[in-house]
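In what follows, every chain begins at residue 1, and chains take the letters A, B, ... in the order their sequences are listed.
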Amino acid sequence: MNWWMIFCLGVTTYTVVFFEASYHGFRNLTGAQVDLLPGLVVYVALAHGSRPVAIFSLVAGLLYDSVSVNPLGISVIPLLLIGMGVCQKRELILKDQRYAQVVLGMAASAIAPLLCWVLLLFAGRQPLVGWSSLWQWLVVTLVGGILTPVWFKVFGRLQVALNHPSMVESSAFRSDRQIQRGKH
Amino acid sequence: MLKKPYYLAFGLFFLISLVLLNLPGKASSQLKLVISDIFIPIFGLSTATHQALDQASSGVMPRRVLLAELEKLQKENQQLKLELMQGADVLRENAQLRTTVAWKQRSGWNVKLARILAREPANWWKALQINLGSNDNITTNTVVLTSDGLVGRVDQVGTTSARVLLLGDPNCRVSALIEETREAGVIAPSSQTIPDQTLVEMTYISRHSQLKPGQKVITSGLGGLFPKGIPIGRIMEVQLADHGLFHEARVKLSANLKDLEEVWVLLP
């Protein structure tokens, strides 16, 4: 992971939190605000490993909590647990398959609010939870899952653009080094 | 396979988040304000873009529409002038009567317009951020309203921004009164099945009260936080609470909390 990728990931996290705090069109339409951070942590876990996941979870969680009523630091733990869980099995996951990306994104988007809710209850807070929360949870899970492959696509392209091109391995055959046999 | 860096990264950052969660309330909110200040430039840019787009759209508005708007506003202005004259007379009379019976004079409201910067991203709170802070004399528990009715109260104050808890948030409960019957109750979050920001519940209303849909709900002034008489909404339906001790009413809020762009802040 080079510095450009770290910068791009930081800018994306900042923009995602800003988008979630300032764009209400989707909330007005469906009654639920989407959370794109669990999908992003799945990408970081599969593409970059445990240390970037830990840093990303801390930065994203703190940024999210700073614009929310949530106690500071509460969103860090769900992101960290999800990211580390994915990291643990990253060798076994077919990360290039879109199906796997969607399923993991959906699972992460479903688990993150549940963990956050449990932590809020442990912290003695009373979050607004009712039957309508079930609908919100469903929307967040579906949208989070559908949007996860987008991160893989966007960052995959960025990685190609910002990294040195990999050397194309040539075969052993080179026409200019072949001994041309003559008649004699 | 798990390796040492995995455990180190996980343990260290888990510890950091636990420390952050256990920070004292004041330190935590100060840190939160410092981090949220990172968003001020982009919120400012977003507001400026909105304003520029609004100006651009009004610049290309047809003359016919503008004239119709002008005519409507002139009529409204005339009507408001008449109401003001009438109101001024009533106020004068009220002041004389208060002097006669030696009651304390009611002070007028000192309000300031604020723009909405951001909304709560989590689905389990109802809050928003405004562009006024301690630099503008905003303090915790300052009342926020629109011309339609009550919006909520200020919960956290930064130097240039503040967070407002909206009606229906679990941390924003308001003592309310039904204007017609003078029955008191408390405005609490709605437990309805469809997520709707325009509905709240009024609970702890006497079970002997005669409630009807359409009755107006206003602030009671009890508790001293919200001044008396600010419209909250209208009753939609009434039911007896599960154990039959009191009534619960579903209230449609007067202020449209979904599409707020600007609010008035009641300065102390």
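- Contact of the B:Phe10 side chain with the A:Ser50 side chain is not registered, since no non-hydrogen atoms from C-beta on lie closer than 4.5 Å.
- Heavy-atom pairs under 4.5 Å with chain A peak, among B:Gly25, B:Ser46, B:Ala127, B:Ala122, at B:Ala122.
- Between A:Asn70 and B:Trp124, the side chains place a donor N or O and an acceptor N or O closer than 3.5 Å (distance only, hydrogens not considered).
- From B:Asn171, atom CG reaches atom CD of A:Gln126 across 7.5 Å, with rounding to the nearest 0.5 Å.
- Identified by a heavy-atom distance below 4.5 Å to chain B, the contributing residues of residues 13-29 of chain A are A:Tyr14, A:Val17, A:Phe18, A:Glu20, A:Ala21, A:Ser22, A:His24, A:Arg27, A:Asn28, in residue-number order.
- Scanning both residues, B:Gln129 and A:Ser66, for their nearest heavy atoms gives NE2-O, 4.1 Å.
- Checked by atom type and distance alone, the side chain of B:Glu120 pairs as donor or acceptor with a backbone atom of A:Val69 at under 3.5 Å.
- With chain A as partner, the option from B:Leu33, B:Ile116, B:Leu31, B:Ile38 having the largest number of non-hydrogen pairs under 4.5 angstrom is B:Ile38.
- Residues B:Leu20 and A:Asp65 are not in side-chain contact: their nearest non-hydrogen atoms beyond the backbone lie 4.5 Å or more apart.
- Side-chain atoms of B:Arg163 never come within 3.5 Å of backbone atoms of A:Val67 as a donor-acceptor pair (strictly under, hydrogens ignored).
- Within a 6.0 Å radius of CZ in A:Arg90, more than 12 heavy atoms belonging to other residues, nucleotides or ligands are found.
- Ranked by heavy-atom pairs under 4.5 Å with chain B, the list A:Val34, A:Ile55, A:Val53 is led by A:Ile55.
- Taking 4.5 Å as the limit, every side-chain heavy atom of B:Phe14 sits out of range of all side-chain heavy atoms of A:Val76.
- Residue contact with chain A, scored on non-hydrogen atoms closer than 4.5 Å, is absent for B:Leu23.
- Contact record, B:Ile35 with A:Leu62: CG2-O, 4.0 Å, taken as the closest heavy-atom pair.
- For B:Ile16, the part sitting under 4.5 Å from any heavy atom of chain A is the side chain, from C-beta outward, and nothing else.
- Listed options A:Pro71, A:Gly73, A:Pro127 were ranked by heavy-atom pairs under 4.5 angstrom with chain B; first place goes to A:Pro127.
- The stretch residues 104-124 of chain A places A:Pro113, A:Cys116, A:Leu120 near chain B, each with some heavy atom under 4.5 Å from a heavy atom of that chain.
- Of the two parts of B:Asn22, neither the backbone nor the side chain holds a non-hydrogen atom closer than 4.5 Å to a non-hydrogen atom of chain A.
- Under the 4.5 Å side-chain criterion, counting only non-hydrogen atoms from C-beta, B:Trp125 is in contact with A:Arg125.
- Scanning all heavy atoms of the two residues, the minimum distance from B:Pro170 to A:Leu128 falls at CG-N, 3.8 Å.
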